[in-house]
Structure formats: C-alpha cells, structure tokens
Student: 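Following this message is one structure expressed as structure tokens.
The first residue in the sequence is number 1, and the count goes up from there.
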Amino acid sequence: MPRAIQITAFGGPEQLHLVDLLVGEPGPGEIRIRHHASGLNFIDVYQRTGLYQNPLPLTLGMEGAGIVEAVGAGVTHLAPGDRAAYASGPPGSYSEVRVMPAKNVVKLPAGIAFDTGAAMMLKGLTAQYLLKRTRPVEGLVPGDFVLFHAAAGGVGLIACQWAKALGLQLIGTAGSAAKCQLALELGAAHAIDYTKEDFVARVKDITGGKGVKVVYDSVGKDTWEGSLDCLRPFGLMASFGNASGPVPPFAPGILGAKGSLYVTRQTLFTHIATREATQEMADDLFDVVLKGAVKIRIDQRYPLAEVAQAHRDLEARKTTGCTVLTI
Ligand SMILES: NC(=O)c1ccc[n+]([C@@H]2O[C@H](COP(=O)([O-])OP(=O)(O)OC[C@H]3O[C@@H](n4cnc5c(N)ncnc54)[C@H](OP(=O)(O)O)[C@@H]3O)[C@@H](O)[C@H]2O)c1
C-alpha cells in the first residue's frame, strides 16, 4: 500500500506518523498523481499545530510534483503519463500517491525537474501574486524600494530574485549574517539582520527617511508594528503569514496616524481560485525559472519518513531557500 504522513491530533512534530493508505480511483474533476517529491511549507506547520484547522486524521502537504496516473470525468487539461506539479488544497502531498482535485494541477515543463517543481509551486506562485498583484495604490516602478521579511526563506529567496528582475530594490530582513549574505547574493539590494539591528531605523536610513511603498510581511506578530513604521504615506502593509505567531487585533485608527496606510492580508488560495488563474500564474513562474531569472534553491532534502526533522528545522529557523521531501 502507498505510504503517507498523517496526523491524528494537532501538536508538535511528534504527531507526524508514517502510515499505509489505500488510494482509490479519481472521481469527477480529480486526478491520481504519483509523487516524485513534495514541498515543505510553513503552512504545513500551521496545519500540524491546528492554527489552521482541518478535519482529522489529516495527511499534510500542499505542494508536490509527479506523474499523473489516472484522470476522472471532466478533466481535459491533464492525461495519464503527464508530468505535473501543484500548489493546492486540500492537504495531502506528503504521500507517495494521492487522489486530488485537478483544478490547481498544471503540466510541468520538460525543462523543470520534479524536485524543483515540488519546491517552487506554492512558494513561487506566492512570490508571483505578491510582487505582481499585491501593489500599493501609488503602484510600483523600477527603482522603488520594497521591504520583504524572511528574505532568505523559501518564498523570500524567490522574491529577492524576481524583485530584481522587475527592477525593484528589495530590502530583505533575515535572522543571521549568513542569511543576509545569501539574500544579497540572490538579488536583494540591501539586507538587514533583524535579530541584531533595528530594521525600522535601517529602512529609514536606506530610503533617505522616506520609507517604502510596500512591506511584504510573513513573520507576523514580531514585525507587525515595525513594518507599519517602515511605510511611507499611503503605503501598503501586505501581511501574508505568521511565522512568529498571528498578528494581534489592532485599532484601525493607527493606520491614519501613521500616514493613511493600507493593510491587506493575502492568501495564495484566493489568487488560484480558478484553473485559468492558476495556469496563468504558473506560466509566469515557469517563464522566469526557465529563463534563469529565478533559480529555485533546494537547500534541504529529507526522505518522506524523516519529515518530523524537516518540521523541527523549519520552525527552528535552520533552513534557507526551499526544502523538499524526497519520495
Ligand atoms: N499567505 C500566503 O499566500 C502564503 C503563501 C506561502 C507562504 N506564506 C507564508 O510565508 C512565510 C514563508 O513561508 P516559507 O514556507 O517560505 O517559510 P520560510 O520563509 O522558509 O521559513 C520561515 C522563516 O520565517 C522566519 N521567522 C521569523 N520569525 C520566526 C519564528 N519565530 N519562528 C520561525 N521562523 C521565523 C525565519 O527566517 P529568519 O531566521 O531569517 O527570520 C524562517 O526561516 C510563512 O510565514 C508562510 O506561512 C504565506
């Protein structure tokens, strides 16, 4: 029987168990895919702990790549034998084989390896919608500064490269000197070690006191206040994650006092709500990857059975770039 990683209770990495699961035939609108690799994402931690709730028992994993084995009624964009990759709910990519909705699954171009496909879909599509579709009211033009937290992480290193390709000056924050160096090597214009330096003061310094038009903030609780202080008037606070914990409730009046700021909380799953939107965004991502403008760094690999260690390392801020589970 195919193997998968399941949780039966929310909690720490010790809840991740290797199990045998029966996998059936795809129903209407579904496919069955045999994975070659699964991507590790911080959302997997939120789902494991129960910060984001799903019914139990739960096979985790929102990103994968492999070969389509069978398609259900009504699926016309994929066929058995296709190389494919996805970022998609419901969770289930920590598995050898799964049945899943076909809507968010796209063909993987021949020039992109399975492990790269598994590493880049969720993180790359996120960088895509942030930099291209989550923009301040005043727009972004080449030369503009943007602030991107956790710039040496999975989403972060893709964003460093893509921002540079768009002509933006990305100011990245990261949790060590080595991570800052990595962000700079991959295209950040400036890097700030926010565990040692006052990132608000540094951003003011770099921007000549003006601040940035947009902050992309996936750290959440620890950076929220400071991020607002890095924005120039009418700037956009684009919150998209909670690596340090969820942002606490706040009074909207603070946005007026700090310069008529805008706040949004984005999620990839709104952007990839349709098959057409998913394909359009994936084509944009494949284009920058195939051109070499964005290189997908897989800095960590773990066998599927060792996923608990992968979670521990991700939560302990020990990883950089992308992480894949090999299957
Ligand atoms: N809303 C969406 O659509 C969406 C989609 C994808 C990802 N995300 C979010 O984007 C973020 C990045 O995702 P990822 O999978 O690429 O992860 P990642 O960036 O590779 O890992 C998270 C990073 O956050 C930083 N961090 C800061 N404070 C932390 C803390 N207290 N505990 C743990 N990490 C902390 C760490 O980098 P430093 O050591 O450099 O600080 C860590 O490496 C996550 O918050 C994720 O939830 C959101």
Side-chain angles (χ1 to χ4, degrees), residues 4-19 35 37-64 86-95 118-127 130 148-159 173-176 179 194-195 216-224 239-248 265-269 297-327:
I5 299 289
Q6 269 203 342
I7 59 167
T8 52
F10 299 118
E14 72 284 354
Q15 296 295 341
L16 297 159
H17 298 295
L18 189 65
V19 295
H35 292 127
S38 172
L40 182 77
N41 291 281
F42 221 91
I43 193 171
D44 308 343
V45 173
Y46 309 144
Q47 291 177 344
R48 192 204 70 218
T49 61
L51 177 66
Y52 295 176
Q53 295 266 322
N54 283 285
L56 297 173
L58 176 67
T59 303
L60 289 175
M62 302 285 279
E63 188 180 41
Y86 64 87
S88 176
S93 70
Y94 289 6
S95 59
M120 71 188 232
M121 292 302 289
L122 200 147
K123 297 170 249 337
L125 295 179
T126 299
L130 289 172
F148 207 106
H149 289 304
V155 179
L157 285 183
I158 295 174
T173 59
S176 70
K179 286 184 177 184
Y194 54 4
T195 60
Y216 297 108
D217 189 334
S218 65
V219 173
K221 181 170 67 64
D222 289 355
T223 45
W224 170 259
S239 171
F240 71 104
N242 348 265
S244 67
V247 176
R265 176 56 163 91
Q266 294 280 311
T267 173
L268 172 65
F269 304 104
R297 278 182 64 109
I298 302 175
D299 287 344
Q300 299 77 216
R301 293 169 199 270
Y302 303 80
L304 182 65
E306 288 169 28
V307 65
Q309 190 57 45
H311 275 229
R312 284 188 196 99
D313 291 347
L314 183 64
E315 289 179 274
R317 305 167 77 161
K318 287 185 181 164
T319 64
T320 54
C322 299
T323 302
V324 294
L325 305 174
T326 52
I327 295 169

Student: When you compare the side chain of His17 with that of Ile5, does any pair of heavy atoms fall below 4.5 Å?
Tutor: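 No; the side chains remain at least 4.5 Å from each other.
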Student: Which heavy-atom pair separates Ala150 from Ser218 by the least distance, and what is that distance?
Tutor: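 Residues Ala150 and Ser218, closest heavy atoms: CB-OG, 4.2 Å.
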Student: Partners of Tyr86 by ring-ring contact (aromatic ring centres under 6.0 Å, His included), sequence neighbours excluded?
Tutor: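 ring-ring contact (aromatic ring centres under 6.0 Å, His included) check on Tyr86 returns His35.
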Student: Who pairs with Thr126 by side chain to side chain donor-acceptor pair (under 3.5 Å), at least two apart in sequence or on another chain?
Tutor: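 With sequence neighbours excluded, Thr126 shows a side chain to side chain donor-acceptor pair (under 3.5 Å) to no residue whatsoever.
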Student: Taking side chain as C-beta onward, heavy atoms only, is Gln53 less than 4.5 Å from Phe10?
Tutor: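 Sidechains of Phe10 and Gln53: in contact.
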Student: Quick test of your reading: applying salt bridge (charged side-chain N to carboxylate O under 4.0 Å, His left out), list the pairs with at least one residue in residues 303-321, sequence neighbours left out, ordered by first then second residue.
Tutor: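 Salt bridge (charged side-chain N to carboxylate O under 4.0 Å, His left out) check on residues 303-321 returns Arg48-Glu315.
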Student: Whether the Tyr94 and Asp44 side chains hold a donor-acceptor pair (N or O, under 3.5 Å, no angle test) is what I'd like checked.
Tutor: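 A donor-acceptor contact under 3.5 Å links the two side chains.
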Student: For Leu51, what residues pass the side chain to side chain contact (heavy atoms under 4.5 Å, CB included) criterion, not counting sequence neighbours?
Tutor: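 Applying side chain to side chain contact (heavy atoms under 4.5 Å, CB included) to Leu51 gives Tyr46, Thr49, Asn242, Pro246.
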Student: I'd like to know if the side chain of Gln300 and the backbone of Ala310 have a donor-acceptor N/O pair within less than 3.5 Å.
Tutor: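 No, Gln300 side chain to Ala310 backbone: no donor-acceptor pair under 3.5 Å.
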Student: Mind checking what makes side chain to side chain donor-acceptor pair (under 3.5 Å) contact with Thr195, not counting sequence neighbours?
Tutor: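 Checked Thr195 against side chain to side chain donor-acceptor pair (under 3.5 Å); matches are Asp193.
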Student: Any idea which heavy atoms bring Ser95 and Ile327 closest together, and the distance?
Tutor: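 Here Ser95 and Ile327 meet closest at O-CD1, 3.4 Å.
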Student: Identify, with sequence neighbours excluded, every residue that meets side chain to side chain donor-acceptor pair (under 3.5 Å) alongside Ser88.
Tutor: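 Testing Ser88 for side chain to side chain donor-acceptor pair (under 3.5 Å), a comparison that skips the adjacent residues, returns none.
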Student: List the residues meeting side chain to side chain donor-acceptor pair (under 3.5 Å) with Asp217, not counting sequence neighbours, and say none if there are none.
Tutor: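 Partners of Asp217 by the side chain to side chain donor-acceptor pair (under 3.5 Å) criterion, ordered by chain and then number, come out as Thr223, Ser227.
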Student: Listed by chain and number, what are the ring-ring contact (aromatic ring centres under 6.0 Å, His included) partners of Phe240, not counting sequence neighbours?
Tutor: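 ring-ring contact (aromatic ring centres under 6.0 Å, His included) list for Phe240, sorted by chain: Phe148.
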Student: Using a 4.5 Å cut-off on heavy atoms from C-beta on, say whether the side chain of Met62 contacts that of Gln47.
Tutor: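 Of all side-chain heavy-atom pairs linking Met62 with Gln47, at least one is under 4.5 Å.
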Student: Just jot down the salt bridge (Lys or Arg N to Asp or Glu O under 4.0 Å) partners of Lys179, sequence neighbours excluded, or say none.
Tutor: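 If we apply the salt bridge (Lys or Arg N to Asp or Glu O under 4.0 Å) test to Lys179, skipping adjacent residues, there are no hits.
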Student: How far does CZ of Arg301 sit from OG1 of Thr326, to the nearest 0.5 angstrom?
Tutor: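 Taking CZ in Arg301 and OG1 in Thr326, the distance rounds to 8.0 Å.
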